[in-house]
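Just so you know, ligand 1 is whichever comes first in the structure, and atom 1 is the first atom listed for that ligand. Here the structure is a predicted model, which is why all the values come from computation and not from measurement. Note that the numbering runs from 1 along the sequence shown for the chain.
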Amino acid sequence: EKGTYPHFMLKEIDEQPLVMRRIIQSYQDDFDRLKLAPEIRGAMKRCDRIYIIAAGTSYHAGLAGKQFLENMAGIPTEVHVASEFSYNMPLLSEHPLFVFISQSGETADSRSVLVKIKEMGHPALTITNVAGSTLSRESDFTLHLHAGPEIAVASTKAYTAQIAVLAILAVDTARAKEIRLDFDPLQELAIAANAIEVLTDQKETIEELVRSNLATTQNAFFIGRGSDYFVCLEGALKLKEISYIQAEGFAGGELKHGTIALIEEGTPVIALATQENVNYAIRSNVQEVVARGANDMIFSMRGLEQDSDAFVVPQVHELIAPLVSVVPMQLLAYYAALHRGCDVDKPRNLAKSVTVE
Ligand code: F6R
């Protein structure tokens, strides 16, 4: 039920800190040990490469999660769009592990890859919000998102839950492989939960940004580098699907190779700056578009901010940043849809789970 909320999407955005804490509790025992099935741990230790298969928002969560699997667990990881995998199939490693990410567990594009790789004899792990879903039943192993039912068509809390569960999977593997980490990812997830809570209290600031920058625009660009780029893809998808503004997420450095031709006087360009190593570079990309008339909005992280930034998110560990920086992107999309009179929870042409290929 929506309770006092006008839309499920807003309720689900607000639930994200709670979901994050529920995930930490569900996967951790009283002695700070992680409660993953030994078979999953075994499969993670055995594999020489992970192939993440997903669609839409879940694909974007996979891109962010890849960072954990490579940086914490030391496993090379590829992320593939489910509907393309069979036609653009990479040369597989000797011991692949397939990880399917799907909120619904019913996405037909992902299922057809699952059927194919099971025929080939490869192991599969599904990360899903729906226990007993098709992907969960047909995989060897399942990890649950514990996000609670997601009703709004635009996925929000499932995305942050997917990233958090991928982080937990990566930490568990790092511990099993005795890889020493120079930070405590579980503690960082708890810090992220608090940071998201702070952000959900800043709705008016985001609504104001929407009112002055996105109320009537036809298009918008999201630019970022490093993991900010992945969040830009998600920010653009959210904005497109519920507000019908034509939006694209771009790698900051790639814009000048063609797409910058689309920047006109007043074109909104939303830039993410949460990563120290690209902070300078993304800001010069913003200068490039501002010089061509763009209306810039920089979303930075505390510690990297400058006075002219439109919004500053609380400081969290850089690897965890997508969990936090996506929240203002979700709110931008929400208020853009609201102010443009769109049906927030049920956008046109879309269904909650896509069961056709
Ligand atoms: C976007 C959205 C879709 C889904 C995609 C995959 O807000 O909801 O892009 O993420 O259809 O769905 P699942 O995760 O159920 O496989």
Top protein contact for [atom], by heavy-atom distance:
{"atom": "atom 12 (O) of ligand 1", "value": "Thr107 OG1, 3.4 Å"}
{"atom": "atom 11 (O) of ligand 1", "value": "Val354 CG2, 4.0 Å"}
{"atom": "atom 15 (O) of ligand 1", "value": "Ser104 OG, 2.6 Å"}
{"atom": "atom 5 (C) of ligand 1", "value": "Ala55 O, 3.6 Å"}

Hey, does [X] sit under 4.0 Å from ligand 1 if you only count heavy atoms?
{"X": "Ala154", "result": "yes"}
{"X": "Ser353", "result": "no"}
{"X": "Lys238", "result": "yes"}

message: Between Phe98 and Phe85, does the ring-ring contact (aromatic ring centres under 6.0 Å, His included) criterion hold? Intermediate values first, please.
response: CA-CA 12 Å; Phe98 281 82; Phe85 185 80; 5.7 Å; yes
- request: Show which atoms of ligand 1 fall inside a sub-4.0 Å distance from at least one heavy-atom site of Ser58.
  value: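 Reading through ligand 1 atom by atom, the close ones are 10 (O), 13 (P), 14 (O).
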field: Per-atom contacts, ligand 1 versus Ser155 - under 4.0 Å to a heavy atom
entry: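 Under 4.0 Å from Ser155, ligand 1 has these atoms: 7 (O), 8 (O).
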task: Measure from the side-chain N and O atoms of Lys11 to the backbone N and O of Tyr5, and report whether any donor-acceptor pair falls under 3.5 Å.
output: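 Not a single qualifying donor-acceptor pair exists.
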Chi angles and distances behind the ring-ring contact (aromatic ring centres under 6.0 Å, His included) call for His122, Tyr51: CA-CA 11 Å; His122 300 309; Tyr51 295 85; 8.3 Å; no
query: Are the ring centres of His317 and Phe183 closer than 6.0 Å?
result: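 They qualify: ring centres under 6.0 Å apart.
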message: Using a 4.0 Å heavy-atom cut-off, which part of Glu241 comes near ligand 1: side chain, backbone, both, or neither?
response: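 Within the 4.0 Å criterion, Glu241 contacts ligand 1 through side-chain atoms alone.
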Derivation and outcome, side-chain contact (heavy atoms from CB on, under 4.5 Å), residues Leu125 and Glu39: CA-CA 10 Å; Leu125 161 67; Glu39 303 80 58; over 6 Å; no
query: Looking only at N/O atoms, are Gln162 and ligand 1 under 3.5 Å apart anywhere?
result: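 Such a contact does not occur with ligand 1.
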query: When you look at Arg211 and Glu208, which way does the salt bridge (charged side-chain N to carboxylate O under 4.0 Å, His left out) test go after all the steps?
result: CA-CA 5 Å; Arg211 238 189 242 118; Glu208 196 42 53; 2.8 Å; yes
- prompt: Do Arg225 and Asn277 pass the side chain to side chain donor-acceptor pair (under 3.5 Å) test, and can you show the C-alpha distance, the side-chain angles, and the key distance before you say yes or no?
  reply: CA-CA 9 Å; Arg225 305 177 77 126; Asn277 64 335; over 6 Å; no
task: Select the closest option to atom 8 (O) of ligand 1 among Val153, Thr57, Leu237, Ile53, judged by heavy-atom distance.
output: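 Shortest heavy-atom distance from atom 8 (O) of ligand 1: Val153.
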task: Given side chain to side chain donor-acceptor pair (under 3.5 Å), test Tyr27 with Asp172 step by step and report yes or no.
output: CA-CA 10 Å; Tyr27 282 105; Asp172 186 73; over 6 Å; no
